[in-house]
Amino acid sequence: MTQIAEKAPDLDFETELKDRLISFAKEYFPIYRSITGEGVRESLRLIQRHIPDLKIHEVPSGKECFDWTVPEEWNIKDAYILDPDGNKICDFQKNNLHVVGYSTPIDQEVSLEELEKHLHSLPQQPNAIPYVTSYYAKNWGFCLSQEQRDGLKPGTYKVFIDSEFKQGSLSYGELYLPGKRKEEIFFSTNICHPAMANNETSGPTVLTFLGEFLSGQTDLEYSYRLIFIPETIGAVAYLDEHLDHLQKNVVAGFNVSCAGDERVYSHLHSRAQNTLADKVLSHVLSHTDPNYIRYSFLERGSDERQYCSPGVDLPVAGFTRSKYGEFPEYHTSLDTFDVVSAEGLYGSLEVLKKVVNALEANKTYRVTVKCEPQLGKRGLYPALSTKETKAIVYNMVNCLAYADGTRDLLDIAETIKCPVWELYDLIDDFLKHDLVIEE
Amino acid sequence: MTQIAEKAPDLDFETELKDRLISFAKEYFPIYRSITGEGVRESLRLIQRHIPDLKIHEVPSGKECFDWTVPEEWNIKDAYILDPDGNKICDFQKNNLHVVGYSTPIDQEVSLEELEKHLHSLPQQPNAIPYVTSYYAKNWGFCLSQEQRDGLKPGTYKVFIDSEFKQGSLSYGELYLPGKRKEEIFFSTNICHPAMANNETSGPTVLTFLGEFLSGQTDLEYSYRLIFIPETIGAVAYLDEHLDHLQKNVVAGFNVSCAGDERVYSHLHSRAQNTLADKVLSHVLSHTDPNYIRYSFLERGSDERQYCSPGVDLPVAGFTRSKYGEFPEYHTSLDTFDVVSAEGLYGSLEVLKKVVNALEANKTYRVTVKCEPQLGKRGLYPALSTKETKAIVYNMVNCLAYADGTRDLLDIAETIKCPVWELYDLIDDFLKHDLVIEE
Amino acid sequence: MTQIAEKAPDLDFETELKDRLISFAKEYFPIYRSITGEGVRESLRLIQRHIPDLKIHEVPSGKECFDWTVPEEWNIKDAYILDPDGNKICDFQKNNLHVVGYSTPIDQEVSLEELEKHLHSLPQQPNAIPYVTSYYAKNWGFCLSQEQRDGLKPGTYKVFIDSEFKQGSLSYGELYLPGKRKEEIFFSTNICHPAMANNETSGPTVLTFLGEFLSGQTDLEYSYRLIFIPETIGAVAYLDEHLDHLQKNVVAGFNVSCAGDERVYSHLHSRAQNTLADKVLSHVLSHTDPNYIRYSFLERGSDERQYCSPGVDLPVAGFTRSKYGEFPEYHTSLDTFDVVSAEGLYGSLEVLKKVVNALEANKTYRVTVKCEPQLGKRGLYPALSTKETKAIVYNMVNCLAYADGTRDLLDIAETIKCPVWELYDLIDDFLKHDLVIEE
């Protein structure tokens with residue numbers, strides 16, 4: 001894939017891509033998802049429409065995965081509460097955050113006092129419905145805004161949840177694209193969150209389009225693996241099946257989450273801190289937005305918790321825009337398309353494409369002549385001396401000065417303080433003129 | 001000694017211990033000490049009353065120790081000056097700092113002019129009697145406050161020093177407590193300073209009670225060695241006899257001096273800078289008082305000068321509160337119990353106990369399961385989610401995330417930014433549930 | 001050369017040396033130099049009068065040197081313009097910057113419009129004649145102040161350049177002084193710049209007097225090599241001939257340029273950043289002027305570009321006062337003896353002498369006794385305790401504490417934060433008393 005260079009911006013293509021990103025996100029958003037169930041499968045089929053090579057896998061309920069067990073499959077058709085006046089409130093059909101994920105079925109009349117024990121709201125964000133789950137302790141519950149809760153009158157309420165547990169399976173999607181080398185670049189995102197936009201409609205959206213982009217490449221250097229999994233148990237189940245293969249082949253991986261707002265870019269370091277994944281992500285982000293945030297592994301919270309755990313030790317960094325837990329709408333009904341935008345999704349996709357390009361190009365070169373090469377006699381010096389050509393000359397002579405066979409292209413770019421993508425054309429020129437050879 | 005955990009404070013025990021510390025210090029203070037002589041032996045016998053296993057050793061005068069020679073033993077019965085009016089001044093019986101340590105005997109009448117050559121005072125601290133010695137150049141002298149000196153009238157003075165040099169010995173005390181491992185933790189303090197409280201009544205006091213504490217333990221992991229020696233020549237003589245043994249066995253050592261005031265805690269780095277002694281002491285102090293002072297080895301001044309010298313190279317750090325030379329009362333008669341307090345001594349003892357506990361607990365663990373363990377199914381998650389239990393959960397998951405078989409417990413505590421003592425109970429729980437194994 | 005110690009200043013010697021430096025510089029300045037030709041040879045013969053062991057070498061035109069070819073030799077006898085009124089302007093005899101270096105010969109009448117294409121001036125510095133060359137593209141041209149250019153009237157101008165290209169040679173000078181060891185200290189400066197004082201009369205001046213100083217030494221530890229070469233092509237040609245020898249023998253090298261003003265000292269780091277050359281130069285400069293400037297290799301611009309190129313990799317750092325490109329008079333007729341002074345040249349020479357002394361003295365010592373040596377019994381303690389003697393004692397005990405056989409003398413000086421030259425006498429004393437041995 002040495003041909004993937006950063007091209008001059010194609011504005012029509014950019015506009016169309018932003019439209020497609022936000023359309024996909026809005027189609028994906030309302031599907032009801034949990035860590036298992038039909039909603040997950042529907043979400044994966046939607047992704048598959050964009051990347052037909054996506055394979056959907058099922059892991060049976062009850063399967064032991066390291067320290068965990070795949071839970072029963074859970075599905076839900078409807079849920080609501082009828083208040084003492086017969087008004088339907090907390091209607092799952094209107095906002096699927098109203099029901100606690102993995103709620104047991106119920107169809108019963110309860111007093112307000114009893115009901116209160118099963119309600120969840122946020123006094124600090126009185127207009128927000130919180131997102132609550134209870135995967136491993138069987139229970140039922142409803143989520144609602146504090147404002148709505150404060151208006152509940154004493155009396156008898158009917159609670160109705162038409163959910164079902166069964167021996168079924170946990171579903172996940174996987175896209176594998178073989179390249180020239182067996183070494184893999186790995187991407188992972190979560191498909192278990194219901195109607196929230198940044199966490200987590202954005203991650204599957206961005207990876208779907210990254211998958212589409214990669215599927216269109218014909219000459220990939222590395223192999224690529226993208227997985228779409230439920231959080232935690234999905235990662236554990238996936239690792240249980242594929243750990244040996246991943247440990248042997250993955251050279252850099254990225255957990256992608258909360259990738260849709262425009263506020264900031266963030267890099268959550270891997271446990272090992274300085275893997276190739278960290279190196280390329282920090283390089284790309286530092287030249288995309290110098291104010292990007294660096295988080296330590298102590299501030300983790302997504303599947304890097306599994307990928308970087310001792311004994312697993314995959315070189316996986318976390319990529320987010322506003323990190324989970326760090327933006328006010330996180331895990332509430334306020335996480336909508338007021339938070340996530342076409343621009344925000346596009347920015348994340350661009351970062352991941354730059355990461356891919358940088359990895360594809362990240363070879364080690366050695367200059368073939370001793371002393372500075374005479375660039376003029378090869379026509380490599382720009383004819384005009386302008387501010388722009390001065391920058392090119394600066395990059396040329398410095399790139400040659402550090403192409404000493406010990407630094408890869410990312411190292412050179414870091415050393416000479418320029419974005420690695422400014423070196424792609426130069427390296428091509430140097431190769432054409434036999435000024436450098438690949439080590 | 002895995003059972004020494006930091007317990008909830010026992011206030012009665014604490015009050016009693018503070019009383020005992022200050023009582024001991026006040027009994028120890030007035031005994032007249034120099035680098036040799038009966039006062040040293042009396043001091044050692046006082047220590048022995050608290051730690052009966054203390055052995056008192058004698059090194060004969062004239063013994064060659066590396067580049068040094070053990071000097072003659074020096075004893076003194078009385079010393080004073082009679083002024084022209086027959087008033088007794090500079091009375092050794094009233095303040096034993098009045099006589100220059102190792103003064104030759106004298107009984108003579110001298111003019112004020114002659115006397116002045118043998119007087120020592122501090123113009124900058126006019127009310128302080130300085131502490132002066134002349135171990136290796138034979139001389140006599142008196143120390144007095146500048147105020148007193150300024151009042152001396154011309155005339156004939158009688159100077160009287162009833163001291164004696166003889167072929168005797170240099171005395172030191174040693175407590176050795178064998179543990180399960182031959183590797184030793186080493187503590188050293190000085191017993192050569194006369195009536196001064198911080199430098200150096202505090203060091204012997206704190207180490208006496210640390211010796212008492214360690215003597216009461218039945219299951220020590222490491223062996224412990226505490227020595228009470230005269231400064232410089234004592235350390236040199238001790239090293240001359242024991243260097244091979246110490247180099248083979250000492251894994252961490254601490255020179256304890258000026259440990260009795262409440263102003264600050266200080267860590268004087270070993271010459272090698274990053275020994276186990278430095279690591280544990282800096283960890284304990286940073287979590288005891290974030291404003292503790294770090295001194296480089298260039299600012300040394302006590303027996304770490306010998307322990308860390310090239311060819312000796314023991315892993316010995318210096319522990320002090322206000323460091324010698326850094327507090328205004330240093331080496332004067334102002335260094336009294338206005339400087340040193342029960343609270344100050346107790347604080348130092350607590351630090352050294354924490355150091356001991358941290359070393360005893362400082363093993364390397366490896367988590368036994370891949371991916372994050374499911375803590376809930378083992379009942380390890382706190383039932384209630386409060387600020388306090390959140391901190392515990394934070395420590396639990398981070399401790400497991402970094403128990404990768406490459407970090408010892410101090411490394412983990414440093415990495416996850418918590419005091420190591422907050423991990424002791426967690427590690428016990430993890431061991432019980434087979435979640436970690438010791439490497 | 002262990003006898004070269006920093007002596008008490010000899011003011012007469014200092015005054016005379018400053019006179020000789022500035023006299024030499026003023027004699028050297030007006031000779032017309034380019035990268036080849038008679039002016040270079042005349043300059044080398046002037047240097048040779050001060051250091052008779054200097055050898056002058058010739059490299060024939062057309063010789064292939066790595067990626068470069070030695071150009072034809074170029075000489076010039078005269079050059080000027082006659083304006084429409086017959087006034088002689090841009091007279092090479094009055095200021096040799098008026099002609100573009102390597103101009104082709106011409107004797108022709110041209111219109112002002114045509115002439116303008118061959119004129120060079122600096123609108124931002126209207127009273128300065130710029131320094132312009134065209135070594136590798138054949139052309140002719142004149143340089144003049146913007147003020148003068150603005151006054152040119154329309155009309156016919158006669159341009160005259162009496163220059164000549166021929167198959168000749170490139171000249172350079174080399175001084176080699178063998179020491180006890182085959183390892184070499186290397187110095188390089190440029191002799192291709194015409195009438196400019198800082199860049200580059202100062203470099204040849206300072207190295208000439210360093211060569212004189214070294215020639216007077218009878219007991220050099222290292223061998224020394226000083227070369228006086230035209231920039232870029234001279235360095236390339238020299239490396240082409242001597243690379244193997246230099247790579248085997250040079251342990252530290254210095255490219256000296258712009259070494260004559262009094263504004264600042266600068267250290268341009270080698271590409272490898274931490275060579276012995278960088279270590280000694282940064283040590284000397286930090287103790288000469290704590291405000292000296294550190295430049296990274298990215299800010300290079302002189303022959304370190306060749307010496308440090310990949311595959312050449314010599315340990316060469318750059319030494320300058322105000323660095324090329326960083327002072328306003330750079331590469332203009334304003335770079336005169338208003339910029340360069342006797343004081344400035346002398347400061348640079350002193351720095352380089354200190355560098356030489358530090359390298360000569362930079363051995364690794366090990367203390368011979370365990371524990372602190374007793375300095376008093378050897379008479380090494382100063383009798384009086386003053387501020388000055390305290391500093392000496394501080395250096396003595398610290399030098400002994402770090403003379404552990406792993407640190408060379410520069411390491412010790414850096415560790416104990418004193419100029420290495422304060423340790424020379426101490427080390428001599430320690431050697432006399434067998435307190436240290438050389439490793």
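Chain A is the first sequence line, chain B the second, and so forth, proteins listed ahead of strands; every chain is numbered from 1. All heavy atoms count here, side chains included; hydrogens, waters and symmetry mates do not.
Taking the side chain as every heavy atom from C-beta outward, C/N398 and B/F297 never approach each other to under 4.5 Å.
The number of heavy atoms from other shown groups lying within 6.0 Å of CD (B/Q124) does not exceed 12. Enclosure of atom CD in B/Q167 by more than 12 non-hydrogen atoms of other residues, nucleotides or ligands within 6.0 angstrom is indicated. Residue B/E241 qualifies as enclosed at atom CD: its count of foreign heavy atoms under 6.0 Å is above 12. More than 12 heavy-atom neighbours from other residues, nucleotides or ligands sit within 6.0 angstrom of CD on C/Q247. Residue C/K370 places its NZ atom among 12 or fewer non-hydrogen atoms of other residues, nucleotides or ligands, all under 6.0 Å distant.
Identified by a heavy-atom distance below 4.5 Å to chain B, the contributing residues of residues 399-420 of chain C are C/L400, C/A401, C/Y402, C/A403, C/D404, C/R407, C/T415, C/I416, C/K417, in residue-number order. Within residues 371-378 of chain C, the residues having any heavy atom less than 4.5 Å from a heavy atom of chain B are, in residue-number order, C/C371, C/E372, C/P373, C/Q374, C/K377, C/R378.
Residue contact with chain C, scored on non-hydrogen atoms closer than 4.5 Å, involves the side chain of B/L239 exclusively. Of the atoms belonging to C/V369, heavy atoms from both backbone and side chain fall under 4.5 Å from chain B.
Listed options B/L243, B/D67, B/D240 were ranked by heavy-atom pairs under 4.5 angstrom with chain C; first place goes to B/D67.
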